Amino acid sequence: MSFITSYCHLNNENCSVNGEIIAERDRESEDSWFKQLYKSQEFVYPKFYKMDTLSQSGYLLSEMIKRAQPSLITSYNDDEIAMLFANQFSSADSDLRFEKSYKEQGTPSPALFVYTLPNIVLGEIAILNKWYGENMFAVLPKFAPDFFVNYIDILMSAGTKAVLCGWLGITGEQVNVFVFLVEKEGLAGNEFNTGNLAQIAGPGLL
Amino acid sequence: MDNLKEDLKKQIIEQLNLEDLQVSDIDDDALLFSDQGLGLDSIDALELIVLLEQYHGIQVVNPDEGKEAFLSVSTMADYIRKRKAEQIA
């Protein structure tokens, strides 16, 4: 049996951890919403500013999960933590920006090009945390609890003990991000099944 | 205020797509390729080489020279001034 031991939601207006709002967007601020979060949570990782918004969202919420569930850092070997992320539009925002840079500047931007794959976000998180477990980024028509449950069952049966999961809905100005942690042994948490996952994900994703 | 350093900061933000950063967020002497600075990597080094050519007409052909030039905004400014002086001389 596995458990959902922590989860975060991020939308255009606020960010919550385990159902409790920890930050609300200041529409008057000159800073972007993600920069507001980065600063308010006092994260220190200069690479944040280089990332595209997809990777920024994954970075921010993975850091929040680590704070909410310190066992992720202390309880596992570096190859016992896997990552399973998904979204609907892959890295479309960065793809379009890269195409624009190609057309308007005459030369493509390498700094944009490196983010034209969605699984780069997994690389960013893995490099930062030195996690060497399995990782996969899927592109799905919509958030699918069954997909996460089935895939994580396979991962858990092959030695994985914790899986950081996420749905990174970043399209234009729309932000709908949900990141959650599944652990094989959870002292407290919701049993990991499709019903509980759907309930925690909330109506905004289903 | 050193206009060249301010211009360089704006150009770095533009060239590297660091849209969330402002000029005031970058210290003159912060190490560009360190996690204590901007955390740049080898891809960004390519962008800085392009930047020097596009904005300042300077080609970096010696990799060792580039390593020293790209330490910080201050060293980049020093490098530009030195190369421009050489061009005039």
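These figures come from a predicted structure and were not determined experimentally. Convention: sequence-line order gives letters A, B, ...; per-chain numbering from 1. Atom set for the values below is all heavy atoms of this structure, side chains included, hydrogens, waters and symmetry mates excluded.
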- [ ] Check whether more than 12 heavy atoms from other residues, nucleotides or ligands sit under 6.0 Å from atom CD of Glu134(A), and answer yes or no.
- [x] no
Open item on the list: Need one label for Phe113(A): side chain, backbone, both or neither, based on atoms under 4.5 Å from any heavy atom in chain B.
Closed with: neither
Task: More than 12 heavy atoms of other groups within 6.0 Å of Glu173(A) CD - done: no
Task: Close contacts, residues 41-48 of chain B versus chain A, judged by heavy atoms under 4.5 Å - done: Asp41(B), Ile43(B), Asp44(B), Glu47(B)
Open item on the list: How long is the straight-line distance from NZ of Lys39(A) back to CG of Asp20(B), given to the nearest 0.5 Å?
Closed with: 9.5 Å
TODO: Might you confirm whether atom NZ of Lys161(A) has over 12 heavy atoms from other residues, nucleotides or ligands at distances under 6.0 Å?
DONE: no
Open item on the list: Counting neighbours of OH on Tyr102(A) that are heavy atoms of other residues, nucleotides or ligands and sit closer than 6.0 Å, is the number greater than 12?
Closed with: no
Task: Residue-level contacts of residues 21-29 of chain B with chain A, using a heavy-atom cutoff under 4.5 Å - done: Leu21(B), Gln22(B), Asp25(B)
Task: Gln199(A) atom CD: more than 12 heavy-atom contacts under 6.0 Å - done: no
Open item on the list: How close do Pro46(A) and Asp35(B) get, counting heavy atoms only, and between which atoms?
Closed with: CG-O, 2.6 Å
- [ ] Find out whether Lys50(A) and Leu16(B) are in side-chain contact, i.e. whether some heavy atom of one side chain is under 4.5 Å from a heavy atom of the other.
- [x] no
Task: Under 4.5 Å from a heavy atom of chain A, the part of Ile13(B) involved - done: neither
Open item on the list: With a 6.0 Å cut-off (strictly less than), is the heavy-atom count around CD of Gln87(B), excluding the residue itself, greater than 12?
Closed with: yes
Open item on the list: Which atoms of Leu18(B) are under 4.5 Å from chain A, going by heavy atoms: the side chain, the backbone, both sets, or neither?
Closed with: both
Open item on the list: Using a 6.0 Å cut-off, check whether atom CD of Glu14(B) has over 12 heavy atoms from anything other than its own residue.
Closed with: no
Task: Crowding at NZ, Lys84(B) (>12 non-hydrogen neighbours, <6.0 Å) - done: yes
